[in-house]
Undergrad: 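Quick one: this structure, given as structure tokens, is what I'll be asking you about.
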Amino acid sequence: MSQSPSRPLLQIEELSKIFHIRQGFSSQEFHAVDHASIVIESDKPEIFAIVGESGSGKTTLAKMVLGMEVASQGILRYRDRVINDLSNKEMKTWFYNEVQPVFQDPFAAFSPLKRIDRYLYETVYNYKMVEDKKEAPRYINEVLSEVGLTLAEIAGRYPNELSGGQAQRVAIARALITKPSLIVADEPVSMLDASLRMSIVNMFRKLKEDNEVSVIYITHDLATAYYAGDRIAVMLRGWIVELGPTEQVLGNPLHPYTQNLKTSIPSINVGETWKDKIDLAVIEADEYTRTGCKFAGRCPAVMDICQDNIPPNVVHGGRTVKCFLYDENVDPAKKTYLTPAAT
Ligand SMILES: Nc1ncnc2c1ncn2[C@@H]1O[C@H](COP(=O)(O)OP(=O)(O)OP(=O)(O)O)[C@@H](O)[C@H]1O
Ligand SMILES: [Mg+2]
């Protein structure tokens, strides 16, 4: 077996999270994340966008990567370690040095009663980022400059004295204090004005270029995903239905689900969201649990084979696409389209 030159930064392979839905007295299992695979290499920082409608499993996937949810099945490694096997001590002293979260609501991360610079000082001290406490202001100033702020601007201020954009910048600065290699940002711009979104996303790009930080960027905002994402994964009911270079996946989508987006790409504007563009009128209740393709019930290209068989991940056109349309192993005779019922 050939060995890759260096271990991936993050290896997600066939990863699943199973939850139980209670229905009366019984409960039914469903996969919130269903055999998802993503590899982020350690020698090539990237912005990896994850998009998908509400409930597609983006946050659940992010939480597993952050060690906040235990995976039910599959492989989940950060560098050479299985994330679920890390002790609390290793999580604190190593993992959270390397992997940092940024969440949707910057204000939720800060107590309204505590001055915001205290958070930065505490993180610097807790992670022993300076040898002498006297060096902390200089260190914090350096980190704040990465997000376009200075310590003088925020010192002594309480969270409610900051704008949403400023608070999110401070939250990102806090994430940068430990000099992480990976930031997992779950909808980091969705509570900000459209005009501020690009500036935050540009910051991620700059961090990637200047500091070699990779960012998992989860969003409903296709414009920023298109603009910032080097690669993108499109999620549908726990599956990754298409994964590849963003320009290809959004510019020339192959999966019928991603193709719903195509019309929005040329005129893509900041602030346009997934829901603005995708017709979500007919989401089938059984999509999580149906036997064949989860998209079969709403797919304009549905074929007989899709009804009872799970589509494979086919490598096609420079990306991975989970769809029988591109599966050369299937007898073309079986790829028949469903004929409309006779009237
Ligand atoms: N702790 C839990 N227990 C049971 N079900 C859960 C739990 N957490 C999430 N789910 C379910 O898992 C599915 C995926 O949820 P998740 O929050 O990961 O989706 P999402 O893609 O982040 O959605 P959104 O875009 O709305 O943030 C949803 O059906 C959700 O209700
Ligand atoms: Mg979410």
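Values below: all heavy atoms of this structure, side chains included; hydrogens, waters and symmetry mates excluded. Whatever order the structure lists ligands and atoms in, that order sets their numbers, starting from 1. Since this is a predicted model, take the numbers as computed values, not measurements.
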Undergrad: Do Tyr217 and Phe48 have their ring centres less than 6.0 Å from each other?
TA: no
Undergrad: Describe, in one word, how the ring planes of Tyr119 and Phe110 are oriented to each other, choosing from parallel (under 30°), tilted (30 to 60°) and perpendicular (over 60°).
TA: perpendicular
Undergrad: Using distance alone, determine whether Gly55 and ligand 1 share an N or O pair under 3.5 Å.
TA: yes
Undergrad: Does a side chain donor of either Thr59 or Asp186 reach within less than 3.5 Å of an acceptor in the other side chain?
TA: yes
Undergrad: Under 4.0 Å from a heavy atom of Ala32: give me the atoms of ligand 1 that qualify, with their elements.
TA: 12 (O), 13 (C)
Undergrad: So is His220 touching ligand 1 or not, going by heavy atoms under 4.0 Å?
TA: yes
Undergrad: Does ligand 1 have an atom that lies less than 4.0 angstrom from a heavy atom of Ser56?
TA: yes
Undergrad: Among Leu61, Ile218, Thr60, Thr219, which residue places a heavy atom closest to atom 18 (O) of ligand 1?
TA: Thr60
Undergrad: Quick check on contacts: which atoms of ligand 1 are under 4.0 angstrom from a heavy atom of Thr59?
TA: 17 (O), 18 (O), 20 (P), 22 (O), 27 (O)
Undergrad: What I want to know is whether His20 and ligand 1 share at least one N or O pair that is separated by under 3.5 angstrom.
TA: no
Undergrad: Quick one: does Gly57 get an N or O within less than 3.5 Å of an N or O on ligand 1?
TA: yes
Undergrad: Side-chain donor-acceptor pair under 3.5 Å between Glu53 and Ser56, yes or no?
TA: no
Undergrad: Within the structure, is a non-hydrogen atom of Lys63 found at a distance of less than 4.0 Å from ligand 1?
TA: no
Undergrad: Leu61 and side-chain contact (heavy atoms from CB on, under 4.5 Å): which partner among Ile50, Leu66, Val184, Ile218?
TA: Ile50
Undergrad: Students often mix this up, so state it plainly: with edges at 30° and 60°, are the rings of His255 and Phe295 parallel, tilted or perpendicular?
TA: tilted
Undergrad: Would you check if the Mg ion (ligand 2) lies under 2.8 Å from any N, O or S atom of Gln104?
TA: no
Undergrad: Is the distance between the ring centroids of Trp239 and Tyr257 under 6.0 Å?
TA: no
